[in-house]
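The structure presented is a predicted model; accordingly, all values stated were derived computationally and were not measured. A, B, ... follow the sequence lines: proteins, then strands. Residue 1 opens every chain.
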Number of protein chains: 2
Amino acid sequence: MPETDDTPQPPARLRALASWQANKVSTLGARLFARRMKLSARADFAVLAALEECGPLSQADIGRRLGLDRNDVNGILNRLEEDRRVGRAPDPADRRRNVVTLTGDGRRYLDELQKHTDVVQDELLTALSAAERRQLEALLAKLLGAHRPEPA
Amino acid sequence: MPETDDTPQPPARLRALASWQANKVSTLGARLFARRMKLSARADFAVLAALEECGPLSQADIGRRLGLDRNDVNGILNRLEEDRRVGRAPDPADRRRNVVTLTGDGRRYLDELQKHTDVVQDELLTALSAAERRQLEALLAKLLGAHRPEPA
DNA sequence: GTGCTACGTTGGCCAAACCAACGTTGGTTT
DNA sequence: AAACCAACGTTGGTTTGGCCAACGTAGCAC
């Protein structure tokens with residue numbers, strides 16, 4: 001018995017479409033991640049990673065660094081602050097801003113998320129060799145470099 | 001004056017993450033597409049392309065080909081049927097199924113969507129040479145080939 | 001001081017990707 | 001033949017992401 005592969009192929013028009021492919025890869029990543037953690041933790045990871053790498057940031061700066069909307073950053077920070085993973089305090093130098101800082105809990109949470117993310121990443125890229133992974137990363141980076149991260 | 005590039009870089013943890021990059025590329029594609037057409041037309045395009053390439057299909061088959069949920073396929077078909085772009089009729093051979101067919105209007109609509117899609121594709125891939133585009137397509141295809149298109 | 005801009009916040013919109021459940025129908029098993 | 005299970009289309013709902021609009025406050029340039 002040939003163990004028939006019952007996975008029908010998508011139309012050629014779509015298979016050749018980078019935006020379609022990227023979308024599939026993206027939702028695949030979300031699916032793999034969701035098997036291990038609450039899906040919304042992806043956004044937490046991004047924000048915490050930015051804080052860890054750049055030090056304290058204002059909410060608007062976080063948004064610019066990550067290509068996220070100010071409003072959405074606010075929501076993520078509400079979650080994180082409630083769980084004591086970030087601190088939020090008005091900037092004495094510019095009282096429009098909030099200075100967001102990483103707490104000890106936040107750092108521990110970030111480490112945990114990093115582990116899961118690494119595993120997911122490896123699952124996602126199973127089919128690719130190390131060289132191919134580097135190629136893919138470089139190509140995507142080059143593609144993204146030509147565009148503004150934010151809409152407006 | 002060096003014309004300071006005021007685009008802050010995302011953290012390295014994310015820049016090296018294929019799933020993050022893919023997500024960014026995906027939303028970028030959506031943004032570019034939305035500038036030309038209603039965003040939901042992307043899904044229409046996928047369904048119409050499947051019908052054009054494979055001929056009449058059942059709703060479940062469409063979902064399998066495109067890696068979409070049955071429920072979502074249903075919604076897309078409701079839109080398309082209302083605008084006379086597809087026909088939906090019970091399959092005489094298996095009365096559980098609906099046979100979905102492409103109409104003349106649907107074919108014309110597909111051609112229009114293809115044009116916009118081509119333009120968007122080119123905008124998205126601006127930074128990449130023809131060879132690089134082929135490489136990217138191949139790598140993404142290889143990555144996707146190792147995974148089931150549907151969750152369950 | 002007057003305007004302009006940036007900031008955080010609230011609230012809402014739309015689309016994608018799911019999941020659960022139902023009634024109908026087809027095939028299989030017994 | 002009856003009982004069972006699986007597939008199909010449909011309805012309805014949840015969560016998340018990516019937006020946009022508007023507000024009040026605060027800084028800044030003129």
Side-chain angles (χ1 to χ4, degrees), chain A residues 6 19-20 22-35 37-47 57-64 66-79 81 86 88-100 148-152, chain B residues 6 19-20 22-35 37-47 57-64 66-79 81 86 88-100 148-152:
Chain A
D6 58 353
S19 57
W20 166 272
N23 180 41
K24 285 304 174 190
V25 172
S26 176
T27 77
L28 205 50
R31 208 143 62 202
L32 293 173
F33 189 87
R35 291 200 319 206
M37 301 281 290
K38 191 152 193 304
L39 186 53
S40 59
R42 282 192 310 163
D44 299 350
F45 177 68
V47 167
L57 290 172
S58 78
Q59 303 187 188
D61 281 341
I62 294 174
R64 274 183 291 260
L66 301 178
L68 296 180
D69 198 275
R70 290 208 301 278
N71 315 311
D72 302 324
V73 172
N74 190 12
I76 300 167
L77 289 178
N78 286 339
R79 266 204 313 263
E81 188 185 26
V86 299
R88 209 163 11 172
D91 187 344
D94 182 346
R95 303 217 312 285
R96 289 173 302 180
R97 305 187 176 206
N98 278 344
V99 179
V100 183
R148 308 216 141 275
E150 290 178 273
Chain B
D6 59 350
S19 57
W20 166 272
N23 181 40
K24 286 305 174 189
V25 172
S26 176
T27 77
L28 205 49
R31 209 143 61 203
L32 294 174
F33 188 88
R35 292 201 319 205
M37 300 282 291
K38 190 151 195 306
L39 186 55
S40 60
R42 281 192 311 164
D44 298 350
F45 178 69
V47 168
L57 290 172
S58 78
Q59 303 187 188
D61 282 340
I62 294 174
R64 274 183 290 262
L66 301 178
L68 296 180
D69 198 275
R70 289 208 302 278
N71 315 312
D72 302 324
V73 172
N74 192 10
I76 300 167
L77 289 178
N78 287 340
R79 268 203 312 262
E81 188 185 25
V86 300
R88 207 159 19 167
D91 186 343
D94 184 345
R95 301 218 312 285
R96 288 173 301 181
R97 305 189 176 203
N98 278 343
V99 179
V100 182
R148 308 219 141 274
E150 290 177 274

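- A:Leu77 has its CG atom 12 Å from the C1' atom of C:dT9, to the nearest Å.
- Between the CG atom of B:Leu39 and the P atom of D:dG17 there is a distance of 16 Å, given to the nearest Å.
- Residue A:Gln59 has no polar side-chain atom (N or O) positioned under 4.0 Å from OP1 or OP2 of C:dA6.
- For C:dA17, one of the phosphate oxygens OP1 or OP2 lies less than 4.0 angstrom from a side-chain nitrogen or oxygen of A:Asn23.
- A donor and an acceptor atom never sit less than 3.5 Å apart when one is taken from the side chain of A:Asp91 and the other from the base of D:dA26.
- In this structure, B:Arg79 contributes its side chain and B:Ser40 its backbone to a donor-acceptor pair below 3.5 Å.
- For A:Pro151, taking side-chain heavy atoms from C-beta onward, the closest of the listed nucleotides C:dT24, D:dA26, D:dC19 is D:dC19.
- Comparing A:Arg96 and A:Glu150, the nucleotide of DNA chain D nearest to each residue sits closer to the 5' end for A:Glu150.
- The CD1-C1' distance, from B:Ile76 to D:dT10, rounds to 15 Å in whole Å.
- Pair assignment for D:dC23: C:dG8, on the basis of Watson-Crick or G-U wobble contacts that are both within less than 3.5 Å.
- Across the interface with DNA chain D, nearest-nucleotide mapping of A:Pro149 and A:Ser40 shows A:Ser40 to be the residue nearer the 5′ end.
- Using a cutoff of 4.0 Å between basic side-chain nitrogens and carboxylate oxygens, A:Asp44 and A:Lys38 are not scored as salt-bridged.
- Using a 4.0 Å heavy-atom cutoff across all strands shown, B:Asn98 reaches sugar-phosphate atoms only and no base atom.
- In this structure, B:Asp94 reaches the sugar-phosphate backbone alone: every heavy-atom distance under 4.0 Å involves primed, P, OP1 or OP2 atoms, never a base.
- Atom CZ in A:Phe33 sits about 17 Å away from atom C1' in C:dC18, given to the nearest Å.
- For B:Arg64 and D:dC8, the shortest distance from a side-chain N or O to OP1 or OP2 is below 4.0 Å.
- One atom, CZ of B:Phe45, and another, P of C:dA15, lie 18 Å apart when rounded to the nearest Å.
- Of the side-chain N and O atoms in A:Arg97, one or more sit less than 4.0 angstrom from OP1 or OP2 of C:dC7.
- Applying the 4.0 Å criterion to OP1 and OP2 of C:dC14, one finds that B:Lys38 has every side-chain N and O outside that range.
- At least one side-chain heavy atom of B:Pro90 sits under 4.5 Å from a side-chain heavy atom of B:Asn98.
- B:Arg70 comes within 4.0 angstrom of a nucleotide base, judged by non-hydrogen atoms across all strands.
- As judged by a 4.0 angstrom heavy-atom cut-off over every strand, B:Asn71 is placed among the base-contacting residues.
- Each of B:Ala93 and B:Gly67 was matched to the nucleotide of DNA chain C holding its nearest heavy atom; the match closer to the 5' end belongs to B:Gly67.
- Side-chain contact between B:Asn74 and B:Arg88 is present, with heavy atoms from C-beta onward closer than 4.5 Å.
- Residue B:Arg88 is in sugar-phosphate contact alone, with no base atom involved, counting any heavy-atom pair closer than 4.0 Å across all strands shown.
- In this structure, the side chains of A:Arg64 and A:Glu150 come closer than 4.5 Å at one or more pairs of heavy atoms.
- Rounding to whole angstrom units, CG of residue B:Asp72 and P of C:dA20 are separated by 15 Å.
- No engagement by B:Lys24 is indicated, since no non-hydrogen atom pair under 4.0 Å with the nucleic acid exists.
- An OP1 or OP2 oxygen of D:dG9 is reached within less than 4.0 angstrom by no side-chain nitrogen or oxygen of B:Asn74.
- Contact annotation: B:Arg95 reaches the phosphate of C:dT25 (side-chain N/O to OP1 or OP2, under 4.0 Å).
- Side-chain contact between A:Val73 and A:Val100 is absent, with no heavy-atom pair separated by less than 4.5 Å.
- Atom C1' of nucleotide D:dT16 and atom CE of A:Met37 are separated by 16 Å, given to the nearest angstrom.
- As rounded to whole Å, 10 Å separates atom P of D:dG18 from atom CG of A:Asp69.
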